[in-house]
Structure formats: C-alpha cells, structure tokens
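Taking it in order: structure first as structure tokens, then the write-up.
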Amino acid sequence: MERGMDTSSGANDPGDELAVAEAWKKAGRDVAVATVVETWGSAPRPVGSHLVIDDEGNFEGSVSGGCVEGAVVTDAMEVIESGRAKMLEFGVADETAWRVGLSCGGRIRVYVEKIA
Amino acid sequence: MELAKLTQLNEERRARRAVILLTDLGDGSSRIVREGEKLDGELGEAVAKAFRSGKSGTIEADGRTLFMNVHVPPARIVVIGAVHISQALAPMARIAGFDLEIIDPRAAFATPERFAGVGLYAEWPEEVLRDRPLDRYTALAALTHDPKIDDFPLTAALQAGCFYVGALGSRKTNARRRERLVAGGLSEAQFDRIAAPIGLDIGASSPAEIAVAILAQIIAALRQRDLSGALPGGAMAEA
C-alpha cells in the first residue's frame with residue numbers, strides 16, 4: 001500500500017493513537033505502544049499502524065483490523081509489567097493461527113514497547 | 001520510547017512537519033529525524049528515500065535493524081464556499097482522516113451553527129491563504145460558483161502544487177473560467193489540472209452524494225499520485 005501522504009488524522013484527534021498515548025501517559029497511566037513493523041501478503045493494516053494499550057487493558061487503534069488485537073493487548077500488558085520491548089508475529093504459518101490467526105492469510109510483525 | 005520523545009513527535013506532526021521516528025529494534029532506542037536533516041551512509045540514503053515515498057519500513061543499515069515510521073503531514077482539504085455540499089463534506093472528510101477547513105467571505109453562509117466543529121474562516125480567500133498558505137499536502141475544492149471568490153484560490157492552488165484542485169460548475173462555466181484564468185497568466189496545461197465539473201462521475205444528485213463524489217476523487221488523487229516528488233498530473237481526466 002502506497003502511503004505517500006498520511007491521512008491519519010491530526011494529532012489532536014481522538015482517532016490519533018500517538019496523541020492518545022501521550023495523553024494517557026501524562027494522565028498517569030502506564031502505556032504501551034504496539035506498531036506494525038512488517039507485513040507479508042494481504043495484511044489488513046499497513047506498516048506503521050499503532051495500537052495503544054494501558055495497564056488495565058484499555059486500547060485504542062488497530063494493528064490488524066480486529067483479528068489479533070486481543071493477543072496484542074495481553075502481550076502489551078506483560079511489556080508494561082516488565083518494561084522490556086517485545087516482537088510479536090502473527091499469521092497463517094504460525095501455530096498461534098489456530099487461536100489468533102489472520103483470517104485474510106497475511107502475516108504481520110508487531111513491535112510492542114512501553115512508554116517510559 | 002520516552003514520553004519526552006513521544007511529545008516532541010506529536011508536536012512535529014501538529015505543526016505539519018515531515019519527520020521519521022527511527023527505532024533500533026535491537027536495543028529499543030529511538031530518535032526523531034526531521035526532513036532535510038543530513039545523515040551519513042546507508043541510513044542517510046534509506047531515510048531520504050523514505051521521506052520521498054512516505055513509506056514506513058524496516059531496514060538493515062550499518063549493522064543494525066531499524067524501523068522507520070514515516071510521518072508526513074496529514075492531507076488537508078481546503079473548501080472554498082460554506083455551502084450545502086460543504087456541510088456534508090466536512091464530517092465525511094473527518095471520518096476518512098482528512099483535516100478540513102472552509103473559507104467563505106459571505107458571513108451569512110459561514111456560520112458556526114451550520115459548521116459545528118469545523119475550521120471556518122468568514123473572510124476572503126486572499127486574506128486567509130496569506131496566513132495559511134496552500135501546500136502539496138493540500139486539496140482545494142472551490143464550491144461557490146462565484147468567480148470573485150473561487151478564481152483566486154484556484155490559481156493559488158495550481159501554483160502551490162496542491163495534490164488535488166477541483167471546481168464546481170458546468171462545462172460551460174468551466175470554459176468561461178478557463179478564459180479568465182488563462183488570461184490571468186495560467187498556462188492551458190496548468191488549468192487542465194482542475195477537476196471540473198468536480199467529483200467522480202457517479203451520477204451524484206443530492207449535496208451529500210456530490211460530497212461523496214468529491215471525496216472519492218480527492219482520495220484517488222492522493223493515492224494514485226506520482227511518488228517521485230513530481231507534481232500530480234491531470235486529476236481525473238474523465239471527470
């Protein structure tokens with residue numbers, strides 16, 4: 001997908017995950033940011049997409065259009081707990097596909113880090 | 001990533017400056033690179049290319065694995081005319097992820113009641129665009145039918161290289177517009193970039209349907225444009 005210009009909304013918009021992450025963190029919540037860093041095949045969300053998660057499992061945004069968000073939230077809460085970043089991979093080739101695969105047949109790698 | 005860096009990143013994005021967030025996937029460290037900043041070696045080449053294409057991605061450079069998240073300014077739509085079509089276009093554009101603002105010197109049209117939550121300027125385009133210039137990341141839609149209001153911003157948009165320029169009006173209206181603007185110094189080729197009559201040809205009839213046709217045409221111009229950095233060609237020749 002060509003993304004020469006970003007149409008993700010302005011940084012004050014509630015749909016802007018990075019603005020949400022900043023606001024949550026400044027409000028005193030523990031926050032992790034998950035980012036799609038690589039895709040293969042027909043991945044539903046482009047590289048650079050974000051999911052923002054707090055320590056209670058609240059989240060904003062999307063890394064797969066709903067397919068694997070549940071699993072990412074669980075891992076993100078571990079990242080918040082440990083403070084160590086994690087690389088996740090999802091796809092049909094993965095054995096986790098049974099539980100949380102991408103039904104579209106694509107594969108994605110998601111980097112999850114804590115906002116320090 | 002540290003909160004201070006996230007805050008700075010969001011500030012750059014709000015100011016419509018292009019930046020790349022570089023994250024070292026090995027040790028988790030990150031830095032913000034501004035467009036135009038010179039970096040050495042393989043990394044410098046990759047960063048320059050990413051700014052041109054706007055594409056995020058992972059690269060191997062100087063023995064490290066780095067993720068480049070490219071943030072170029074969000075595409076903006078400037079609408080000339082606080083008309084019925086604009087009332088439908090404003091919420092649709094927001095849902096599709098565009099910033100949108102409306103300029104109309106006719107104070108009776110440009111009222112906050114009709115455009116709640118929309119950036120609205122009840123002034124002449126000449127005045128507004130002096131302070132808020134058009135750029136390559138902006139689409140311009142001229143919807144007033146009134147040459148006194150529409151002609152100036154149309155010319156300004158073509159000169160600024162806006163990725164989309166469209167104007168409401170019949171083919172006859174547009175023929176007269178061509179005479180005026182070419183007499184005013186635009187070349188025929190420049191004028192040909194104006195999408196007129198505005199909007200994809202989907203048989204739109206109501207103001208809301210015309211807004212869909214305009215938004216679809218703007219998205220087409222954005223997604224199908226030349227990524228080499230050259231100005232977009234004739235937008236939607238068939239329209």
Side-chain angles (χ1 to χ4, degrees), chain A residues 1-40 43 45-50 52 61-63 79-80 82-89 108-116, chain B residues 1-16 18 21 23-30 51-58 65-76 93-100 119 136-139 163 218-219 222-229:
Chain A
M1 183 177 188
E2 302 292 318
R3 299 190 80 233
M5 260 182 252
D6 187 2
T7 59
S8 67
S9 323
N12 291 314
D13 197 279
D16 181 329
E17 297 84 26
L18 292 180
V20 168
E22 182 185 337
W24 283 3
K25 180 68 182 168
K26 286 183 171 167
R29 292 149 82 168
D30 279 329
V31 179
V33 174
T35 308
V36 178
V37 294
E38 248 176 306
T39 65
W40 299 265
R45 297 279 291 136
V47 170
S49 302
H50 294 295
V52 174
S62 151
V63 290
V79 167
I80 289 173
S82 71
R84 279 194 305 277
K86 241 179 160 174
M87 188 69 80
L88 311 176
E89 191 167 332
I108 58 172
R109 285 174 89 207
V110 178
Y111 183 72
V112 187
E113 62 184 320
K114 186 179 181 179
I115 301 301
Chain B
M1 178 169 43
E2 304 81 17
L3 176 60
K5 210 163 280 169
L6 175 61
T7 304
Q8 191 199 336
L9 177 62
N10 283 336
E11 275 169 14
E12 299 284 350
R13 295 167 64 227
R14 261 182 230 112
R16 292 181 70 79
L21 179 69
T23 304
D24 186 323
L25 296 179
D27 65 12
S29 64
S30 62
F51 272 120
R52 275 198 306 276
S53 73
K55 284 176 82 170
S56 300
T58 306
T65 304
L66 298 161
F67 177 64
M68 302 184 292
N69 209 349
V70 184
H71 297 275
V72 293
R76 176 174 66 142
R94 189 178 64 237
I95 292 168
F98 291 90
D99 292 344
L100 179 139
R136 296 198 310 123
Y137 306 107
T138 302
F163 74 87
I218 289 172
I219 292 169
L222 174 66
R223 294 303 177 200
Q224 296 169 353
R225 80 197 196 292
D226 184 355
L227 285 180
S228 67

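Excluded from the calculations below are hydrogen atoms, water molecules and symmetry mates; all remaining heavy atoms, backbone and side chain alike, are included. Per chain, numbering begins at 1; letters A, B, ... match sequence-line order.
Looking at E113(A), only its side chain comes within 4.5 Å of chain B, counting heavy atoms on both sides. Only the side chain of T35(A) comes within less than 4.5 Å of a heavy atom of chain B; its backbone N, CA, C and O stay farther away. Contacts between V31(A) and chain B at a heavy-atom distance below 4.5 Å are absent for every atom of the residue.
In terms of heavy atoms, L18(A) sits closest to N10(B) at O-ND2, 3.0 Å. Between I115(A) and E2(B), the shortest heavy-atom distance links the atoms CG2-C, 4.4 Å. Minimum interatomic distance between V47(A) and F67(B) (heavy atoms only, all atoms of both residues): CG1-CE1, 3.5 Å.
To the nearest 0.5 Å, atom CG of residue L25(B) and atom CZ of residue R109(A) are 7.0 Å apart.
No other option in L9(B), I219(B), T58(B) has as many heavy-atom pairs under 4.5 Å with chain A as T58(B).
In this structure, the side chains of K25(A) and L6(B) stay at 4.5 Å or more apart for every pair of heavy atoms.
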